Enquirer: 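Below you'll find the structure I mean.
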Amino acid sequence: MAETESYPPIDPTNFDLIVVGTGLPESIIAAAASTAGKTVLHLDPNPFYGSHYSSLTLQDLVSFLNSHSEIPKTNSLQSDDTTIVDVNTRPLYSDVEISSYDDSLEEHSRKFNLDLCGPRVLFCADLSVNLLLQSTANQYVEFKNIDASYVGDGNGNLMNVPDSKSAVFKDKTLEYSEKNQLNSFFKLVQGHLEAVKSVDVVIDAEKIISDDDLESPFVGFLDKMKLPPKIKSIILYAIAMVDYDQDAGESCKDILKTREGIDRLGLYHSSVGRFPNALGSLIYPIYGQGELPQAFCRRAAVKGCLYVLRMPVISILLNKDSGNYRGVKLVSGQELSSDKLVMDPSFTITSSKCLQNISKLARGICITKSSLKPDISNCLVIYPPRSLYPDQATSIRILQLGSNLAVCPSGMFVFYISVVCDDALEGKKSLHAAIDGLFSVHTDQTDSNELKPTLLWSALYIQDLIEGSVGPVVTTPTPDGNLNYNNLLDATSMLFKKLYPDDEFFPETSNTDSSDKLEDDSEVVLDS
Amino acid sequence: MGCSSSLPDRSPGRVGGLNPDNGGDSDAKNLRVKLVLLGDSGVGKSCIVLRFVRGQFDPTSKVTVGASFLSQTIALQDSTTVKFEIWDTAGQERYAALAPLYYRGAAVGVIVYDITNPDSFHKAQYWVKELQKHGSPDIVLALVGNKADLQEKREVSVQAGIEYAEKNGMFFIETSAKTADNINQLFEEIAKRLPRPSPS
């Protein structure tokens, strides 16, 4: 349509808030601000929703990664009372490596919905699910279960994660004594969490874990409980989803405290039971993670937010004297004003500032025609630290998804891999180790009795980790290295509170039956 | 674009969208379908829905804000019922920014234009193409010429509507949300055309 080629003038020209980029944090802020009655304009330079949180076709994913790994230029102009600062695109991705072993995939490009920020899942009881329900954005997305979790080792074995009482009972790899140890540990955690929750009951000191223990490293607590290494590893890396090697002592960058460890176990366990028909604790949105920002954008639109895609912002207008933000200039030349501006982290006006010591994350996407386990479509695999090679410092997480989630053509599987790393070299080493452990490559003429899935296509890339910040403009965080959205949503609600300290972040509606409705919402019904 | 034409299967294991409305599921006698409205701003999409669902007409309603979707059940002569879950564009069509999420799983697409506005008829053809691109292959499409009460201002002929609809395998009707003319007929006709799940 001609109108989308030439840039349409936007009417009105003054807003309470302008948001640039439609990633999940920006979309949630747009929805929250619209719900609070602000006039909001939500822009995206891309022709699609989701920015760095989107799910893309094969072709679009490759071109997005490539276009966001180039180094741009900068300058700024002054006029009478306004400083015009150019908006630069900050390259978030580097070391992009695309390998294709099967040309026929290109034909199916449009049948893929590939997540840029994978692997990513929702825990049934986590903040993202609560926020979906509270904002009613849950009406627009459907989910399916992740069927199983495994812990992998260097020999190609995948061991089932016994994550609940019944799973422990059914497990065939654990010995009887190990089952007992694990069950009594789960019981201890459960008892502690229940005792802490029931404030008005006299706390039974027997049942709760002491403050000393809560403040000490979780790994030490697990030792104290005499849990064998195998079970310790499962709890730390496959249930509490810890990144760094907890046995590395003082060289470990991030030691998990018992308090946090117990909370993460609690989240996992309350997720298992939250929705009667959701087996396990993890769910994934049909059509990909990119549905979540779209759902919040629709929520925002329903509350009056104005949406314009394919509309780059080229500069920011600042007051010459105060340096305060005034408005934006669009690629069309139109100038718009607003009280506040939120931008996704790939846009920056402070390019001169040296960006040293940025944390990195290695991500990989792989496509195969077979599953890791014949009868399992969607599953999670964890390689704990040191499980694949001796100096593997962090755990590597892999999510396998099948076509029943509408993320790939039928008969294919998509794998997301991620690992936190100090630099690209280390990150790529981890990705390659996981890929070698999981897949065989076409060119391999080695042992033909190997049953590993054959790799058809892969994209490996390094992503910068940038946290949200508040300055003349608010910058939202990039996708983090976690499996769920909890930390990102915490950061997002903090940004909202800084933007609008007097407004509630998605208030519970005053509607009298809303509390009943929330109860109903929690009932998940199986679509047969 | 982050969208795909592949459809998820309906196998068990689907966590029903954390969705309160998923209870009354489709069977051969009682269908539940998602209907999406498309068309230029100001052609009367919301007015058609409000007339159908609530029997109201509000000439002052301007841009759709507030309603995420409305539902209405109709009973057909063969004693089956169809529950329409009607999605409005929420204004996201204004700068052509409708999300793929909007089209997901839609069984019906209703494309509306204003018979007094040739430009809106032209735009309707753009929306038909969008639906053919993003929608499921067996979607039922209806082309609706609204504001049929404004005969004296007509600029799009009935014939033009019929011809375009026939060429694209659509059902065509002219309506007036203001006088309620043909509004119920539109939804009844759609209901009749829906593919029925085979009784099991």
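Chain identifiers are assigned alphabetically (A, B, ...) following the order of the sequence lines, protein sequences preceding nucleic acid strands; residue numbering begins at 1 within each chain. Since this is a predicted model, take the numbers as computed values, not measurements.
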Enquirer: Can you name the closest pair of heavy atoms from B:Tyr95 and A:Ile10 and give their distance?
Expert: OH-CA, 3.4 Å
Enquirer: If you take all heavy atoms of B:Arg94 and A:Asp11, which pair is closest and at what distance?
Expert: NH2-O, 2.8 Å
Enquirer: If you draw a 6.0 Å radius around CD in B:Gln77, do more than 12 non-hydrogen atoms from other residues or ligands fall strictly inside?
Expert: no
Enquirer: Is A:Cys297 close to chain B through its backbone or its side chain, or both, or neither, when contacts mean heavy atoms under 4.5 Å?
Expert: both
Enquirer: Please give me the minimum heavy-atom distance between B:Leu101 and A:Ala295, naming the atom from each residue.
Expert: CD1-N, 3.8 Å
Enquirer: Determine whether a donor-acceptor pair (N or O, by modelled atom type, separation under 3.5 Å) exists between the side chain of A:Arg310 and the backbone of B:Ala96.
Expert: yes
Enquirer: Pair B:Gln92, A:Tyr49 - check side chain to side chain donor-acceptor pair (under 3.5 Å), show working.
Expert: CA-CA 12 Å; B:Gln92 280 176 303; A:Tyr49 281 92; 3.1 Å; yes
Enquirer: Give a yes or no on whether A:Gln59 atom CD has more than 12 heavy-atom contacts from other residues, nucleotides or ligands under 6.0 Å away.
Expert: no
Enquirer: Is there a donor-acceptor contact under 3.5 Å from the side chain of A:Gln294 to the main chain of B:Ala99?
Expert: no
Enquirer: For B:Arg193, does the CZ atom have more than 12 heavy-atom neighbours from other residues, nucleotides or ligands under 6.0 Å away?
Expert: yes
Enquirer: OG1 of B:Thr89 to CZ of A:Arg298: how many Å apart, nearest 0.5 Å?
Expert: 8.0 Å
Enquirer: Sort A:Ala300 into side chain, backbone, both or neither according to what part of it lies under 4.5 angstrom from a heavy atom of chain B.
Expert: neither
Enquirer: Taking atom NE2 of B:His134 and atom CZ of A:Arg110, what is their separation to the nearest 0.5 Å?
Expert: 7.0 Å
Enquirer: Please classify the contact of A:Pro9 with chain B as side chain, backbone, both or neither, using a heavy-atom distance under 4.5 Å.
Expert: backbone
Enquirer: One thing to verify: whether A:Glu142 and B:Arg104 come together as a salt bridge, which I'm taking to mean a side-chain N less than 4.0 angstrom from a carboxylate O.
Expert: no
Enquirer: Take atom NZ in A:Lys373; do more than 12 heavy atoms of anything else shown fall under 6.0 Å from it?
Expert: yes
